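Here the structure is a predicted model, which is why all the values come from computation and not from measurement. Residue numbers count from 1 along this sequence.
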Amino acid sequence: MELTYAPEEEEFRARLREWLAKTLPDLPARPDPLDWPGRRAYDLGWQRRLYDAGYGAVHWDASPAVRLIFLEETERAGAPYVGANFVGLLHAGPTIAAEGTDEQRARWLPPVVRGDEVWCQGFSEPEAGSDLAALRTRAVRDGDDYVVTGHKIWTSHAEIADWCELLVRTDPKAPRHRGISWLAMPMDAPGITVRPLRTLVGPAEFAEVFLDGVRVPVANRVGAEHDGWRVTMVTLSFERGTAFVGEVVACRRTLGELARVARANGRWDDPVLRRRLGRLNAEFTALWRLIQRNVGAARDAGGVPDGGGSVFKLRYSQARQELYDAAAEVLGPSGALDADQRWTADRLSSLSYTIAAGTSQIQRDIIAERILGLPKGR
């Protein structure tokens with residue numbers, strides 16, 4: 001489908017393009033990828049520029065179509081990505097905007113929009129694997145607090161975060177999906193131990209988080225007690241529905257770059273490779289159309305993406321890996337020896353996409369059960 005933009009949305013695009021053209025040349029140099037305090041400062045500084053220009057809250061205080069335009073234009077212009085602000089802007093923030101109370105929105109959204117605070121995601125656990133509902137981290141009610149004990153893994157940006165969107169089990173006797181609650185946990189609370197995990201690519205973007213009697217105010221619960229699974233589905237609908245839009249634009253740009261390199265180094269003469277690149281071009285064009293479909297559906301549903309996000313996430317994860325496999329074929333051994341190791345890092349990073357934001361197996365289950373209406377497996 002072709003998403004039709006209203007005149008005011010095209011005016012937004014024009015204003016954004018003009019602002020990006022004026023702003024990007026004045027940005028400071030990007031920090032070393034291994035310097036996470038430096039990256040935090042850089043990413044928060046970029047978010048502050050967006051806020052001062054009126055674009056800070058575009059991820060949740062704008063229509064899905066405007067969010068799509070914003071992500072498309074910033075990626076095409078080569079603007080900084082959300083970086084350390086990823087969880088706050090694309091996961092926790094939209095969830096709080098959709099599910100939080102007025103007081104919660106007033107407390108947590110403005111600091112994210114201004115670039116004052118960073119969030120991390122405390123969902124996955126070592127014993128649960130891809131089965132998020134198997135989480136064991138316990139939260140026991142004690143007056144006005146929950147006392148939280150457990151262990152999280154793959155906690156994005158935990159070592160530099162101020163807050164954590166945390167899934168806990170508040171009723172161990174309830175069915176697996178009904179005894180879970182969604183909490184906002186301050187990362188400076190006593191009892192939290194963070195151990196960074198270095199990835200194959202190099203930077204420690206994830207961490208293990210150990211929770212030993214951490215007290216979290218009941219007022220920090222988003223949604224009703226034991227209703228955290230439903231709130232989590234809202235979080236994941238954003239994560240799988242619109243959070244990867246900018247990356248699809250980047251992949252389309254990368255594919256064009258590969259075609260130019262292939263023409264220059266003679267690999268374009270290989271008809272098998274040309275067909276491979278052509279099929280990838282069709283693949284990413286179809287993914288872009290799927291994004292437009294999902295954005296249109298989200299607009300009709302009041303801003304929350306639907307199950308089409310899982311269809312997109314499943315296919316995009318595979319297409320990204322195929323893109324960088326094709327890059328290795330185009331570049332040959334020299335691709336692994338580029339000075340800044342960009343291609344190597346991107347190819348290694350692509351391997352994680354069939355796991356990140358829900359494994360491909362989980363996406364297939366969601367599609368089968370929630371979209372196709374097939375019975376659940378036993």
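- In this structure, the side chains of Thr95 and Thr232 stay at 4.5 Å or more apart for every pair of heavy atoms.
- Residues in residues 49-58 take part in these salt bridge (Lys or Arg N to Asp or Glu O under 4.0 Å) pairs, two or more places apart or across chains: Arg48-Asp52.
- Salt bridge annotation for Arg15-Glu8: absent, with no cationic side-chain nitrogen under 4.0 angstrom from a carboxylate oxygen.
- Trp108 and Leu166 are members of different hydrophobic clusters when ILVMFWY side chains are connected at heavy-atom separations under 4.5 Å.
- Nearest approach of Ser181 to Ala224, heavy atoms of both residues: OG-O, 4.4 Å.
- With Lys152 contributing its side chain and Leu167 its backbone, the two residues share a donor-acceptor pair below 3.5 Å.
- Remark: Glu225 pairs with Arg141 by the salt bridge (Lys or Arg N to Asp or Glu O under 4.0 Å) rule, at least two apart or across chains.
- When every heavy atom of Ala207 is checked against every heavy atom of Pro196, the shortest pair comes out as CB-CA, 3.8 Å.
- Between the side chain of Asp171 and the backbone N or O of Lys173 there is at least one donor-acceptor pair closer than 3.5 Å.
- Of all heavy-atom pairs spanning Gly56 and Val113, the tightest one is C-CG1, 3.6 Å.
- Residues passing the side chain to side chain contact (heavy atoms under 4.5 Å, CB included) test with Pro190: none are found, sequence neighbours excluded.
- In this structure, Trp154 and Phe206 have perpendicular ring planes: the angle between them is above 60°, well past the 30° mark.
- With sequence neighbours excluded, the residues that form a side chain to side chain contact (heavy atoms under 4.5 Å, CB included) with Arg260 are Glu257.
- Criterion: ILVMFWY side-chain heavy atoms under 4.5 Å apart, direct or through other members. Under it, Val231 and Val216 are not part of a common hydrophobic cluster.
- Tested against Val148, the residues Leu211, Val140, Asp212 include a single side-chain contact (heavy atoms from CB on, under 4.5 Å) partner, Leu211.
- Atom CD of Gln321 and atom OH of Tyr316 lie 10.5 Å apart (nearest 0.5 Å).
- Judged by distance alone, the side chain of Gln104 and the main-chain N or O of Arg221 form a donor-acceptor pair under 3.5 Å.
- Taking Ile, Leu, Val, Met, Phe, Trp and Tyr as hydrophobic and joining them when side-chain heavy atoms fall under 4.5 Å apart, one finds Leu44 in a cluster with Val118.
- With hydrogens and angles ignored, the 3.5 Å screen pairs no side-chain donor or acceptor of Asn85 with any backbone N or O of Val112.
- Note on Leu273: it clusters hydrophobically with Trp268, by side-chain heavy-atom contacts below 4.5 Å among ILVMFWY residues.
- Here the shortest heavy-atom pairing between Gly83 and Asp43 reads CA-OD2, 3.4 Å.
- The minimum heavy-atom distance between Leu89 and Pro94, with the atom names listed, is O-CD, 3.2 Å.
- Scanning for ring-ring contact (aromatic ring centres under 6.0 Å, His included) contacts around His177 gives Trp229, with sequence neighbours left out.
- Side-chain contact between Tyr146 and Val218: present, with at least one pair of heavy atoms (C-beta onward) separated by less than 4.5 Å.
- Under the rule for a ring-ring contact (aromatic ring centres under 6.0 Å, His included), the partners of Phe12 that lie at least two apart in sequence or sit in another chain are Tyr55.
- The structure places CZ of Arg263 at 9.5 Å from CZ of Arg274, a figure rounded to the nearest 0.5 Å.
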Please assess Arg215 against Asp142 for the test salt bridge (Lys or Arg N to Asp or Glu O under 4.0 Å), listing each intermediate value before the final yes or no. CA-CA 9 Å; Arg215 301 189 76 88; Asp142 182 21; 2.8 Å; yes
Listed pairs under 3.5 Å, donor-acceptor, residues 22-32 side chains, sequence neighbours left out:
| unit_1 | atom_1 | unit_2 | atom_2 | d |
| --- | --- | --- | --- | --- |
| Lys22 | NZ | Glu18 | OE2 | 3.3 |
| Thr23 | OG1 | Trp19 | O | 2.8 |
| Thr23 | OG1 | Trp19 | NE1 | 3.2 |
| Arg30 | NH2 | Gly78 | O | 3.2 |
| Asp32 | OD1 | Leu34 | N | 2.8 |

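- Not counting sequence neighbours, the partners of Glu117 by the salt bridge (Lys or Arg N to Asp or Glu O under 4.0 Å) test are Arg107.
- Connection of Val87 to Phe123 is established within a shared hydrophobic cluster, with ILVMFWY side chains joined at heavy-atom distances below 4.5 Å, either directly or through further cluster members.
- The stretch residues 69-95 participates, sequence neighbours left out, in these salt bridge (Lys or Arg N to Asp or Glu O under 4.0 Å) pairs: Arg13-Glu72, Arg13-Glu73, Arg17-Glu73, Glu72-Arg76, Glu75-Arg253.
- To the nearest 0.5 Å, the span separating CD on Glu208 from CD1 on Ile153 amounts to 4.5 Å.
- Note on Ile69 and Leu50: same hydrophobic cluster, where clusters join Ile, Leu, Val, Met, Phe, Trp and Tyr whose side-chain heavy atoms are under 4.5 Å apart, directly or indirectly.
- For Arg105, the side chain to side chain contact (heavy atoms under 4.5 Å, CB included) partners at least two apart in sequence or on another chain are Ile96, Asp102, Leu109.
- Under the rule for a side chain to side chain contact (heavy atoms under 4.5 Å, CB included), the partners of Arg252 that lie at least two apart in sequence or sit in another chain are Val248, Phe284, Thr285, Trp288.
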